[in-house]
Amino acid sequence: MKKMFKRLSAAVLASVLAVGFVPGIAHAGEQRDAEIAAYADGTAYLSINNSDWADFEATYTTAEIKGDGTYTVSMEAKEPQNLAQFNALQVKNGERVMGNKSIVTVDEIKINGEKIEMAGYSYTCSADGAGIETRVNLYNEWNKPTDESGNVAADTRCTQDAKGATPMLWGSDKLEGFQSVEVTFTVSDFGKNEAAESAKTKVAEPLPAEGTESYITFADSGWANQWWNDGNEYATVTMNKATVTGEGEYTVSCEINATAEAPAKGLAFVDVEIKDGEKYFPYGVMDIKSVKINGEEVTLAGKTYTSSDDQVTTRVNLYNEWVNPSDAGFGGRTLDGAADVIPTPVDAKAYAEKDIKSIEVTYTLVADGKPFGSYVEAEAEEVDTTGPWTAFLMFSDGKEQSWQNFNMGVGNEVSVTGDGVYEVSLTAEQVAATTKAEPQDGALVFLVDIDGMGKAMKSVGTLRANDKDELKDTDAKVRIAVFVDGKKITSNSDMLVLGDIEGNGRFRIDISNAYDGSGTGMSEAPAVDCAALTPEKEIKVVFSISGTGVGTPGETNLDKYLEDKGYVEAATEATTEKATEAATEAATEATTEKAEEKSGLSAGAIAGIACGGVAVVGAIIGVVFATKKKKN
């Protein structure tokens with residue numbers, strides 16, 4: 001699940017799991033988020049979260065990772081805290097700075113000034129799934145070093161057997177009265193990387209006999225003198241293009257004839273490009289050999305890379321401050337596939353007060369480069385559309401140490417073979433619950449996930465993206481019956497939210513979920529009487545599903561199934577859901593009328609105000625992305 005705690009800021013909702021069972025949490029509290037954002041790349045720090053997922057007054061010490069060696073980080077709170085289910089040691093942009101095969105091993109932990117006996121040994125992983133942040137879980141109830149098949153996760157590494165490592169180096173008994181922690185750790189294999197293999201599925205178009213153009217695009221710091229390959233005339237810039245006819249060395253240059261009224265001082269942007277290069281050299285690398293400004297050789301501040309901002313024109317950024325290598329979407333191509341590159345190899349500060357009179361770039365075009373980051377293509381995947389697929393029940397009442405399961409392999413699961421009727425359940429013994437469940441508003445999770453079925457349905461067209469690019473447009477129809485300790489409780493199948501909600505290939509039946517944006521939360525529009533979700537011994541969902549278009553279709557009559565199993569009496573079941581819908585509609589109308597009388601606003605006006613807030617955010621986002629030449 002991608003949203004676990006509603007009280008967390010947006011930055012938090014990205015990363016508790018390395019292998020993706022439950023939501024992502026990085027740090028709690030907006031103030032702490034801001035502090036971490038200001039850390040330099042390669043900074044090791046502690047992400048310590050209290051049970052309220054809120055800021056608390058504390059002093060943090062960090063460490064700058066420069067290479068293999070031993071480091072120490074710490075946190076001391078002004079007042080004792082009760083900790084949440086996630087706490088970790090992280091390194092900002094560590095996968096890039098230290099390498100995606102570097103290992104961080106926890107050597108010693110002191111809590112409240114006393115050294116503890118660790119519950120096992122640590123492992124290292126990527127905190128965000130994008131290969132950017134490096135993490136060592138100190139106490140993480142939702143993570144493990146293996147994937148769903150039991151194999152070591154792709155981003156997991158360890159100095160010992162990774163399968164035996166633990167995400168909880170201290171026990172739950174340490175979570176209360178937590179005031180200080182000091183973690184000493186060792187970094188090994190610094191700088192070691194394993195480049196992901198690319199499928200290389202793109203096919204180059206034949207290069208025309210006349211070749212294609214290469215040139216420089218440029219703007220001075222005041223945007224008074226500039227040149228873009230857009231067909232416009234730029235009077236103060238003379239561009240000397242090169243004709244690219246294949247692999248080989250090319251030189252392009254330009255002269256800037258600025259006026260006294262509009263001098264060409266400094267750099268706002270400069271790159272070197274090949275027109276339609278992505279068509280003719282989809283894996284091409286422009287290996288920079290020389291950059292000269294005003295006739296003088298420029299010493300580059302870092303390694304260059306080749307990319308495209310429109311998937312048509314190929315370019316090398318020489319100074320582009322709008323590209324952030326920390327972004328998950330960052331990528332490109334290099335000769336060796338390494339990602340240790342920068343978009344600003346020309347030091348613009350050195351030219352801030354200088355008149356730019358000329359720029360010259362020499363490069364060698366190599367057709368067969370290696371992609372990195374977002375440019376790495378996934379291997380074409382064969383999707384199983386025959387099944388079976390495992391369905392399991394995910395349930396958490398939101399109360400600490402009570403009813404909670406987010407994973408497969410825990411409850412009574414079922415193999416879904418296609419359209420049909422199925423049942424899944426959880427018992428108190430399976431989730432180690434010792435008390436009756438108590439649903440918490442804003443924290444309740446109740447759903448059925450069918451692993452892999454969403455991917456299969458997407459491949460055959462019965463599950464599609466909606467206008468918000470969410471995989472919720474589906475031909476599937478689902479009805480449910482919910483049983484708590486053997487007793488059927490009220491539910492309304494029309495309120496279910498269906499689809500691959502998290503984009504993880506699962507087909508989800510959201511009954512009530514506070515975290516994944518489905519709107520089925522306890523105080524939103526759940527498909528069940530949440531107050532009745534108080535199992536002491538067992539909770540069960542029986543569901544019928546049709547219209548999937550995958551697997552082998554079977555009988556989908558839910559009422560008949562329930563009768564045949566003796567779960568309900570035939571005379572009453574057929575009308576239960578319609579009666580529930582009518583009661584719900586009546587209650588909704590009564591509530592709306594009272595709300596309108598009390599507030600003086602109609603329901604439509606209230607909705608308009610809420611939607612207006614969304615529109616403002618959209619407008620801001622539109623402004624951010626409107627600037628020319630600023631994207632990677």
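The basis for the numbers below is simple: all heavy atoms, side chains too, and nothing from hydrogens, waters or symmetry mates.
Gln85 and Tyr139 share no side-chain donor-acceptor pair at under 3.5 Å. Using a 3.5 Å distance cut-off with no hydrogens or angles, the side chains of Asp107 and Thr186 do pair a donor with an acceptor. Remark: the Ser308 side chain and the Asp310 side chain contain an N/O donor-acceptor pair separated by less than 3.5 Å. Under 3.5 Å, the side chains of Ser214 and Tyr363 contain a donor-acceptor pair of N or O atoms. Side chains of Thr61 and Ser74: a donor-acceptor N/O pair is present below 3.5 angstrom, by distance only. Side-chain contact, Asn140 with Asn143: no donor N or O sits under 3.5 Å from an acceptor N or O. A donor-acceptor contact under 3.5 angstrom links the side chains of Asn240 and Glu255, judged on distance only. Residues Asn225 and Asp220 have side chains that bring a donor and an acceptor to within less than 3.5 angstrom of each other.
Looking only at side-chain heavy atoms (C-beta outward), Val312 and Asp276 come within less than 4.5 Å of each other. Looking only at side-chain heavy atoms (C-beta outward), Glu278 and Thr313 stay at 4.5 Å or farther from each other. Side-chain contact between Asp189 and Lys101 is absent, with no heavy atoms from C-beta onward closer than 4.5 Å. Within the 4.5 Å cutoff, the side chain of Thr217 has no heavy atoms near those of the Val270 side chain. A 4.5 Å side-chain heavy-atom check between Val187 and Ile103 finds every atom pair outside the cut-off. A heavy-atom distance below 4.5 Å is not found between the side chains of Lys458 and Lys455.
Within a 6.0 Å radius of CG in Asn232, more than 12 heavy atoms belonging to other residues, nucleotides or ligands are found. Residue Glu353 places its CD atom among 12 or fewer non-hydrogen atoms of other residues, nucleotides or ligands, all under 6.0 Å distant. In this structure, Lys275 places its NZ atom where only 12 or fewer heavy-atom neighbours from other residues, nucleotides or ligands lie under 6.0 Å away. Atom CD of Glu297 is surrounded by more than 12 heavy atoms from other residues, nucleotides or ligands within 6.0 Å. Counted within 6.0 Å of NZ on Lys265, heavy atoms from surrounding residues, nucleotides or ligands total more than 12; the atom is thus considered enclosed.
Distance NZ/Lys292 to OG/Ser253: 10.5 Å, rounded to 0.5 Å. Note: Asp271 CG to Asp309 CG = 8.0 Å, rounded to the nearest 0.5 Å. Here the straight-line distance linking atom CD of Gln81 with atom CE of Met75 works out to 7.5 Å at 0.5 Å rounding. Between the CD atom of Glu182 and the OG1 atom of Thr72 there is a distance of 5.5 Å, given to the nearest 0.5 Å. How far OH of Tyr123 is from CG of Asp155: 9.0 Å, rounded to the nearest 0.5 Å. A distance of 12.5 Å separates CG in Asn100 from CZ in Phe372, rounded to the nearest 0.5 Å.
Between the side chain of Thr156 and the backbone N or O of Cys125, no donor-acceptor pair lies under 3.5 Å. The backbone N or O of Thr134 lies less than 3.5 Å from no partner atom in the side chain of Ser126, so there is not a single donor-acceptor pair. Under a 3.5 Å cut-off, the side chain of Tyr283 and the backbone N or O of Lys202 do form a donor-acceptor pair. A donor-acceptor pair under 3.5 Å is absent between the side-chain atoms of Thr362 and the main chain of Thr251, judged by distance alone. Of the possible polar contacts, one joining the Asn87 side chain to the Ala84 backbone as a donor-acceptor pair under 3.5 Å is found. Between the Arg333 side chain and the Pro282 main chain, a donor and an acceptor come within less than 3.5 Å of each other.
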- request: List the steps, then state whether ring pair (Phe, Tyr, Trp, His ring centres under 6.0 Å) holds for Tyr45 with Tyr60.
  value: CA-CA 8 Å; Tyr45 63 92; Tyr60 290 83; 8.6 Å; no
task: Just do the side chain to side chain contact (heavy atoms under 4.5 Å, CB included) check on Leu89 and Val104 with the steps written out, would you?
output: CA-CA 9 Å; Leu89 161 67; Val104 177; 3.9 Å; yes
- request: Please report the C-alpha distance between Asp52 and Asn50 in whole Å, then the side-chain angles of each, then the deciding distance to 0.1 Å, and finally whether the side-chain hydrogen bond (donor to acceptor under 3.5 Å, both in side chains) criterion is met.
  value: CA-CA 5 Å; Asp52 291 327; Asn50 64 21; 5.2 Å; no
task: Take Lys241 and Tyr215 through the test side chain to side chain contact (heavy atoms under 4.5 Å, CB included) and record every step on the way to the result.
output: CA-CA 5 Å; Lys241 300 179 181 180; Tyr215 44 84; 4.0 Å; yes
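Among all heavy-atom pairs drawn from Ala44 and Phe185, the shortest one is CB-CZ, 3.7 Å. Nearest heavy-atom pair across Ser47 and Phe86 is OG-CE2, 3.9 Å.
A salt bridge links Asp340 with Lys303: the closest approach of a Lys/Arg side-chain nitrogen to an acidic carboxylate oxygen falls below 4.0 angstrom. One finds a salt bridge joining Arg96 and Asp41 here, because a Lys/Arg side-chain nitrogen approaches an Asp/Glu carboxylate oxygen to under 4.0 Å.
Aromatic ring pairs are classed by plane angle as parallel below 30°, tilted from 30° to 60° and perpendicular above 60°; the pair Phe330 and Tyr305 is perpendicular.
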